[in-house]
Trainee: 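First, the structure itself, so that you have it in front of you.
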Amino acid sequence: MHGTRILDEADRLMTVCNSCRYCEGLCAVFPAMEMRRAFSDGDLNYLANLCHSCGACYVDCQFSPPHEFNVNVPKTLAVARAESYAAYAWPRALSGAFARNGLVISIVAALSMAAFILGFAALNDRGVLIGVHTGPGAFYKLMPHSAMAVLFSAAFLYAVVALVMSVRAFWHDIGAPIGGHADGGSIFQAIRDAGELRYLHGGGVGCYNEDDKPTDRRKLFHHLTFYGFLLCFAATSVATLYHYLLGREAPYPWWDLPVVLGTLGGVGLIAGPIGLLVAKSRRAPELLDENSYGMDVGFIAMLFLTGLTGMLVLILRETAAMGPLLALHLGAVFALFITMPYGKFVHGIYRFAALVRYAQERRSEAGS
């Protein structure tokens, strides 16, 4: 018996799949499964987070519904994966806060922070909200840079600490990789696999969505979202260096590096989340975990809102709309930070940890 009903079901399916092994060439889950004859809770959470939910095993399986064995690996592992986010969350009191109401909580958090910033500005000078501000330091007419830095640094550091603690618990539970601790080679392989979304290809033919015709659309939208996020983070990092090392205050010219990186990242954070939301709405229901829908959509919506408001601030920064738009953008960023450890964001980190473990197991297997 396992800790949850879904882990009992995942154990049953892995036992059936370990007897069949027809799908061993589709992704990393089945070769990792074949290295085991029995499955602990940690093993099953490891396999669940190693799964990229391409759907290929469901389409190929001779025991999938309506067969009496009822083998539905993508959906079962999706439910187990969502439950693992809550199981390892830190602090545990917030573990299930975003599971069903992720979208509502994220939007409320974003609007609340935007209202706080607007109220802060209005208390100091109401004219700031409707005025036109240009040149270096224009953004800080709404809120001083020091106050902005303290507020968002605290939110970011909290997110980092919470994520580190949760991933530490996840890694401890899934155990050290077979053959020893993760080395540089396995980490590098995991970085490659994650960066390429290697296991979202369904064995080389693509990902299954609304029918039995595989495509690479989800892979493309994931890439746009992931690299868009990284580019926006790089833009913020470069702007921070500009401010503290060079004494240059935002906003910067269109051709400057933070703006170029932010523009490219913003396009990715608009196009990618739109594509993911459309793909999710069209995906076959038998492949989805309905209970985590709010959490998934909440995270995607915050990424989209962050990209959209950031682009609007860039385009309209020399108009009276800059103040309200900047407040909304900062609210979306704040909401993204504080919900990161409890929403869909953690799936990327857990999945990377699972890929590190899988790479080490494969290297150990090849060496032996």
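The first residue of the sequence shown is numbered 1, and numbering continues consecutively from there.
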Trainee: Whether the side chain of H52 engages the backbone of C54 through a donor-acceptor N/O pair (distance < 3.5 Å, no angle test) should be reported.
Mentor: no
Trainee: Apply the test ring pair (Phe, Tyr, Trp, His ring centres under 6.0 Å) to residues H223 and Y227: give CA-CA distance (whole Å), side-chain angles for both, the deciding distance (0.1 Å), then the verdict.
Mentor: CA-CA 6 Å; H223 275 308; Y227 289 109; 5.6 Å; yes
Trainee: Atom CG of L47 and atom OH of Y358: how far apart are they, to the nearest 0.5 Å?
Mentor: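 Reported value, rounded in 0.5 Å steps: 10.5 Å.
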Trainee: Any donor and acceptor pair, going by atom type alone, linking the side chain of H243 with main-chain N or O of E249 inside 3.5 Å?
Mentor: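 Absent.
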Trainee: Mark yes or no for whether S64, through its side chain, and C61, through its backbone, hold a donor-acceptor pair below 3.5 Å.
Mentor: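 Judged by distance alone, yes, a pair lies under 3.5 Å.
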Trainee: Go through it in stages, so that I can follow the logic: the residues are W171 and V356, the test is side chain to side chain contact (heavy atoms under 4.5 Å, CB included), and I'd like the CA-CA distance, side-chain angles, deciding distance and then a yes or no.
Mentor: CA-CA 10 Å; W171 184 258; V356 171; 4.2 Å; yes
Trainee: With side chain to side chain contact (heavy atoms under 4.5 Å, CB included) as the test, would you mind laying out the steps for N70 and R12 before giving the verdict?
Mentor: CA-CA 10 Å; N70 193 34; R12 182 185 75 85; 4.2 Å; yes
Trainee: Just do the ring pair (Phe, Tyr, Trp, His ring centres under 6.0 Å) check on H329 and F334 with the steps written out, would you?
Mentor: CA-CA 9 Å; H329 175 65; F334 183 85; over 10 Å; no
Trainee: To the nearest 0.5 Å, what is the distance between CD (E290) and CG (D296)?
Mentor: 11.5 Å
Trainee: Answer yes or no: is there an ion pair linking R248 with D256, defined by an N-O contact shorter than 4.0 Å?
Mentor: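 Yes, R248 and D256 are salt-bridged.
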Trainee: Backbone N or O of R198 within a donor-acceptor pair of the H201 side chain at under 3.5 Å?
Mentor: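 Checking the backbone N and O of R198 against the side chain of H201, a donor-acceptor pair under 3.5 Å is found.
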Trainee: Check the hydrophobic clustering (I, L, V, M, F, W, Y; side-chain heavy atoms under 4.5 Å; chains of links allowed) and say if W254 and L231 are grouped together.
Mentor: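 They do share one cluster, since a chain of ILVMFWY contacts under 4.5 Å joins W254 to L231.
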Trainee: Following the transitive rule for hydrophobic clusters with a side-chain heavy-atom cut-off under 4.5 Å over Ile, Leu, Val, Met, Phe, Trp and Tyr, establish whether W255 and V313 coincide in one cluster.
Mentor: no
Trainee: Might you confirm whether atom CD of E318 has over 12 heavy atoms from other residues, nucleotides or ligands at distances under 6.0 Å?
Mentor: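 Check fails, neighbour count at 12 or below.
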Trainee: Please tell me whether I191 and Y199 are part of a single hydrophobic cluster in this structure, the criterion being side-chain heavy atoms less than 4.5 Å apart.
Mentor: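 Yes, because I191 and Y199 connect within a single hydrophobic cluster, where side-chain heavy atoms sit under 4.5 Å apart.
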Trainee: If I compare all heavy atoms of G307 with all of L269, which pair ends up nearest, and what's the gap?
Mentor: CA-CB, 3.9 Å
Trainee: Could you give the distance from CE (M113) to CD1 (I117), rounded to the nearest 0.5 Å?
Mentor: 6.0 Å
Trainee: Please determine if R21 and E24 form a salt bridge, counting it only when a charged side-chain N lies under 4.0 Å from a carboxylate O.
Mentor: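 Salt bridge between R21 and E24, a charged N being under 4.0 Å from a carboxylate O: no.
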Trainee: So, the side chain of N72 versus the backbone of K75: is there a donor-acceptor pair under 3.5 Å, distance only?
Mentor: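 At least one qualifying donor-acceptor pair exists.
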Trainee: In Å, rounded to the nearest 0.5 Å, how long is the span from OG1 of T240 to CG of L245?
Mentor: 9.5 Å
Trainee: Is it true that R36 and E361 make a salt bridge, defined as a side-chain N closer than 4.0 Å to a carboxylate O?
Mentor: yes
Trainee: How about S84 and N49: does a side-chain donor come under 3.5 Å of a side-chain acceptor?
Mentor: yes
Trainee: Please work out whether the ring planes of Y158 and W90 are parallel, tilted or perpendicular, with thresholds of 30° and 60°.
Mentor: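 Because their plane-to-plane angle lies in the 30° to 60° range, the rings of Y158 and W90 count as tilted.
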Trainee: Testing the 3.5 Å rule here: is there a donor-acceptor pair between the side chains of D11 and T15?
Mentor: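 Yes.
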Trainee: How far does SG of C57 sit from CG of L26, to the nearest 0.5 angstrom?
Mentor: 7.0 Å
Trainee: Verify whether one side chain among H2 and D41 offers a donor that lies under 3.5 Å from an acceptor in the other.
Mentor: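 Checked: H2/D41 side chains pair up, N/O donor to acceptor below 3.5 Å.
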Trainee: Check the hydrophobic clustering (I, L, V, M, F, W, Y; side-chain heavy atoms under 4.5 Å; chains of links allowed) and say if L264 and F226 are grouped together.
Mentor: no
Trainee: Knowing that exactly one of L330, V333, L328 qualifies, which makes a side-chain contact (heavy atoms from CB on, under 4.5 Å) with T309?
Mentor: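 Of the listed options, the one satisfying the test is L328.
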Trainee: Can a donor-acceptor pair be found, under 3.5 Å and without considering hydrogens, that links the side chain of H222 to the backbone of R218?
Mentor: yes
Trainee: Do the side chains of R357 and D43 get close enough for a salt bridge, i.e. N-O under 4.0 angstrom?
Mentor: yes
Trainee: Are the side chain of S153 and the backbone N or O of V150 linked by a donor-acceptor pair below 3.5 Å?
Mentor: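 Side chain of S153 to backbone of V150, a donor-acceptor pair under 3.5 Å: no, none is there.
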Trainee: Parallel, tilted or perpendicular: which one describes the rings of F116 and F120, with boundaries at 30° and 60°?
Mentor: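 Tilted: the ring planes of F116 and F120 meet at 30° to 60°.
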Trainee: What do you reckon, is CZ of F233 surrounded by more than 12 foreign heavy atoms closer than 6.0 Å?
Mentor: no
Trainee: Any ion pair linking R5 and E83 (charged N to carboxylate O, less than 4.0 Å)?
Mentor: no
Trainee: Given side chain to side chain contact (heavy atoms under 4.5 Å, CB included), test K280 with I300 step by step and report yes or no.
Mentor: CA-CA 11 Å; K280 182 174 287 293; I300 297 172; 4.3 Å; yes
Trainee: Among side-chain atoms of R81 and T76, is any donor-acceptor pair under 3.5 angstrom?
Mentor: no
Trainee: Tell me, with the steps shown, if F63 and V16 meet side chain to side chain contact (heavy atoms under 4.5 Å, CB included).
Mentor: CA-CA 9 Å; F63 303 125; V16 173; 4.2 Å; yes
Trainee: Are V164 and Y85 co-members of a hydrophobic cluster defined by side-chain heavy atoms under 4.5 Å apart?
Mentor: yes
Trainee: For the residue pair D173 / Y88, report whether a side-chain donor-acceptor contact shorter than 3.5 Å exists.
Mentor: yes
Trainee: Hey, could you give me the CG/CD distance between L77 and E9, rounded to the nearest 0.5 Å?
Mentor: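 One finds 10.0 Å between CG of L77 and CD of E9.
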